[in-house]
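As the structure is a prediction and not an experimental result, all values here were calculated from the model.
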Amino acid sequence: MEQREAAERAGHLRQQLDQWNYQYYVLDDPTVPDAEYDRGLQELQAIEAQYPELIDPQSPTQRVGAAPLAQFQQVTHQVPMLSLDNAFDARDMQAFNRRLLERLSLPDAQLEFACEPKLDGIAVSLLYRHGVLERGATRGDGTTGEDITQNVRTIRSIPLRLRGSGFPDVLEVRGEIYMPRDGFERMNRQARERGEKPFVNPRNAAAGSLRQLDARITATRPLQMCSYSVGLVEGGRLPDRHSEILRCLAQWGLRINAESAVVTGIDACDAYYQSLAARRAGLPYDIDGIVFKVNALDLQQRLGFVSRAPRWAIARKFPAQEEVTRLLDVEFQVGRTGAITPVARLEPVFVGGVTVSNATLHNADEIARLGVQIGDTVVVRRAGDVIPQVVSVLVERRPAGATAIVFPTRCPDCGSPVEREEGEAVWRCVGGLVCSAQRKAAIKHYASRRAMDVEGLGDKLVDQLVDEGLVTRLSGLYDLTLTQLVALERMGEKSALNLIDALERSKTTTLARFIFALGIREVGETTARNLAQAFGSWEALLAASESDYLAVQDVGPVVADHLVQFFDAPGNLEEVAALRRAGVTWPDIDTANANALPLAGQTWVVTGKLEALSRDEAKALLQGLGAKVAGSVSAKTDCLVAGPGAGSKLVRARALDVTVIDESALLEALAQHGVTV
DNA sequence: CTACCTCGAGCTCA
DNA sequence: CTCGAGGTAG
């Protein structure tokens with residue numbers, strides 16, 4: 001075949017194959033036998049082999065999976081991928097509706113909702129530029145995910161090129177990648193036949209398949225993609241109703257859920273939920289709830305967002321699955337703060353897609369409330385990502401040998417007495433650092449990634465080090481020698497050297513990390529950062545008084561009290577000194593730096609009703625940029641943010657010639673300083 | 001909390 | 001081959 005003729009034939013074949021592919025994988029409506037599709041594909045492959053210059057990256061032959069990656073690259077979502085608020089029953093849904101109507105000032109409206117099942121898979125983002133699939137990414141934390149382009153390209157229901165026309169220049173499609181039940185069963189059957197370990201549920205199978213560095217493996221997995229919204233849109237317009245946008249996506253060759261529907265009013269949402277719940281078991285895929293979205297985009301915009309979720313959407317979850325099992329034993333774990341937590345050891349039971357063998361019983365009150373005994377038959381509940389729970393006891397099935405759970409009066413680890421503070425539910429071991437469980441927890445926390453980040457120092461190793469008596473205090477970590485380490489189990493020279501090296505590297509840190517690493521009660525990462533920022537140096541922190549602490553962001557009387565207690569306790573200051581002697585060091589923060597925050601020195605006031613933010617949120621964001629947010633307008637006020645309904649403050653601001661901006665200007669100002677809402 | 005992937009390194013046995 | 005650590009996801 002001549003090249004010109006080959007090019008023509010290849011073009012024709014691609015179009016034909018894309019069409020068949022679309023009908024098969026997107027519409028679920030095959031029009032030709034598999035053999036015919038395969039024949040076409042082979043012919044195209046043959047042409048492309050003969051004329052490699054004719055290969056098009058979007059060709060249907062290019063779905064077999066590319067060569068393995070060394071690692072996934074990070075990608076930033078320009079429009080964050082938010083999560084959804086949850087509803088668990090009809091009452092939550094009514095409350096959702098009331099919130100909507102109130103915010104929109106439409107007390108009696110029957111809003112239109114777009115509804116569809118919430119597939120149990122992995123959320124992804126697909127970026128199309130000029131209709132060509134450019135990038136696929138995981139959700140990650142909503143802002144930063146991983147580039148899984150190579151893997152998504154192998155999924156047949158994801159078009160490599162959009163069909164038709166009229167799509168925006170840049171279109172980010174969001175949806176769920178999942179594994180249909182039949183594919184999951186088939187794959188697991190094959191895995192078992194080959195003596196490999198099957199996946200426990202379709203969701204994990206989909207997640208595992210997408211995490212492959214070798215896309216050729218992903219290509220063999222029966223994955224599907226279903227689109228449910230759009231993110232970034234540039235150079236084009238989309239319709240003004242969610243349901244219409246979905247229709248566009250379908251026209252452009254993306255798969256959308258066949259069950260999607262539009263209903264009017266919250267009661268119709270309930271009916272939709274009930275009908276789908278009844279058919280749930282018969283669906284070809286797993287779902288864990290139903291999503292309801294306000295259909296009109298202008299209303300969505302007016303409703304805005306709360307922290308990490310839109311106000312205009314909600315996921316109504318199905319009731320958590322429950323299973324009956326036996327309580328084998330209760331262990332009492334001692335946490336970093338000495339808190340004693342009872343943990344139920346259960347006869348392993350498959351519930352909600354995973355095998356549950358542990359569940360927290362929280363505290364003594366919870367045990368009393370349940371009236372549970374060891375040996376009892378209990379009901380365990382698990383819903384999706386929530387922690388398994390012991391819900392109730394089947395008392396009538398209590399065996400003769402059941403024994404009461406005796407809450408310890410002494411620490412199970414060190415034997416010190418346990419105490420409970422007035423009004424608190426948790427009992428704590430008073431042993432402090434005498435208690436090896438607390439020491440272990442303290443060291444694990446110190447070494448953890450967000451604290452001092454000692455790579456390679458995991459739970460098991462810490463247990464060993466403490467049990468062998470090699471480390472009795474934090475600073476003891478830095479005294480470890482090669483000889484000591486090599487003597488440990490599963491520790492060769494290489495591992496030992498790596499650990500010593502990691503410890504050495506951890507010594508250079510920041511004040512914020514160090515404060516966090518100390519494990520002061522109630523002082524988490526954020527508070528530690530605020531303290532570091534406010535005081536700049538360890539000395540300044542130490543010299544500060546309780547009232548100085550109270551002046552720091554997010555520090556209330558409780559945290560301030562814990563700080564004072566920490567510094568008053570005898571061993572702590574000596575321990576910090578020992579750590580610094582061992583070489584732990586950080587740069588002091590120029591406290592002038594704190595004043596370098598963009599709005600430092602300015603005083604703002606927020607009044608009236610805001611839409612995208614609550615007043616408290618606006619206040620917090622402004623404070624984050626260094627502004628002082630006052631309650632009333634004075635001559636010293638730099639700027640007034642006035643929403644609708646602003647009254648005397650607005651009048652006074654005008655009188656005093658204070659700058660007044662509205663909410664959109666505020667959002668813009670925040671965005672200018674890198675704060676997106 | 002559970003499950004999964006990946007990697008480095010130690011252990012085991014030929 | 002197995003283990004532990006580190007990371008991701010829901």
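Rounded to an integer number of Å, the gap from A:Leu213 CG to B:dT6 P is 5 Å. Per the geometry, CD belonging to A:Gln73 stands 14 Å off P belonging to C:dT8, to the nearest Å. Regarding A:Gln212, its CD atom lies at a distance of 10 Å from the C1' atom of B:dC4, rounded to whole Å. Rounding to whole angstrom units, CZ of residue A:Phe184 and C1' of B:dC4 are separated by 13 Å. Atom NZ in A:Lys444 sits roughly 12 Å away from atom P in C:dG6 (whole-Å rounding). One atom, CD of A:Gln333, and another, P of B:dC1, lie 7 Å apart when rounded to the nearest Å. What separates CG of A:Asp459 from P of C:dA5 is a distance of 7 Å, to the nearest Å. Atom CG of A:Asp214 is separated from atom C1' of B:dC7 by 16 Å (rounded to the nearest Å).
Taking the six-membered ring for Trp and the full ring otherwise, A:Tyr273 and A:Phe318 have centroids separated by under 6.0 Å. Ring centers of A:Phe292 and A:Phe96: at least 6.0 Å apart, outside the cut-off.
Distance from the side chain of A:Ala123 is smallest to C:dG10 among B:dC7, B:dC11, C:dG10. Closest to the side chain of A:Pro388, from the set B:dG10, C:dA5, B:dC1, is B:dC1. Comparing C:dG10, B:dC1, B:dC5 by their closest approach to the side chain of A:Ile122 singles out C:dG10. Considering only the side chain of A:Val200, B:dA3 comes nearest among C:dG10, C:dT2, B:dA3. The A:Glu455 side chain lies nearest to C:dG6 when the options are C:dA5, B:dC5, C:dG6. Here the side chain of A:Val354 is nearest to one of C:dG6, B:dC7, B:dA3, namely B:dA3.
Proximity of a side-chain donor or acceptor of A:Asp453 to a complementary backbone N or O of A:Ser448 within less than 3.5 Å is not detected. Although no hydrogens or angles enter the test, the distance criterion places no donor-acceptor pair under 3.5 Å between the side chain of A:Gln74 and the main chain of A:Gly145.
Residue A:Val380 forms a side-chain contact (heavy atoms from CB on, under 4.5 Å) with just one option from A:Leu327, A:Val391, A:Val324, A:Thr325, and that option is A:Thr325.
Comparing A:Thr360 and A:Asn201 by the nucleotide of DNA chain B that holds the closest heavy atom to each, the one mapping nearer the 5' end is A:Thr360. Closest-nucleotide positions on DNA chain B for A:Arg211 and A:Lys494 were compared, and the one nearer the 5' end corresponds to A:Arg211.
Among the atoms of the strands shown, none is found under 4.0 Å from any heavy atom of A:Lys118. Within the nucleic acid shown, A:Ala205 has no heavy atom closer than 4.0 Å to any nucleic acid atom. Within 4.0 Å (heavy atoms only), A:Leu210 reaches no atom of the nucleic acid at all. If you check every strand for non-hydrogen atoms under 4.0 Å, A:Gly140 touches sugar and phosphate atoms only. Within 4.0 Å (heavy atoms only), A:Phe72 reaches no atom of the nucleic acid at all.
Close to C:dA9, at under 4.0 Å from its OP1 or OP2, lies a side-chain N or O of A:Thr138. A close approach under 4.0 Å does occur between a side-chain nitrogen or oxygen of A:Thr355 and OP1 or OP2 of B:dA3. The shortest distance between the side-chain N/O atoms of A:Asn498 and the OP1/OP2 oxygens of B:dG8 is not below 4.0 Å. Distances shorter than 4.0 Å separate none of the side-chain N or O atoms of A:Gln71 from OP1 or OP2 on B:dC5. Distances shorter than 4.0 Å separate none of the side-chain N or O atoms of A:Asn204 from OP1 or OP2 on B:dT2. OP1 or OP2 of B:dG10 sits under 4.0 Å from a side-chain N or O of A:Ser495. Side-chain nitrogen and oxygen atoms of A:Lys197 include none within less than 4.0 Å of the OP1 or OP2 phosphate oxygen of B:dA3. Taking side-chain N and O atoms only, A:Arg449 has a distance below 4.0 Å to OP1 or OP2 of C:dG7.
Within 6.0 Å of CD on A:Glu455 lie no more than 12 heavy atoms contributed by other residues, nucleotides or ligands.
In summary, A:Asp286 and A:Arg203 do not engage in a salt bridge, as defined by a charged side-chain N under 4.0 Å from a carboxylate O.
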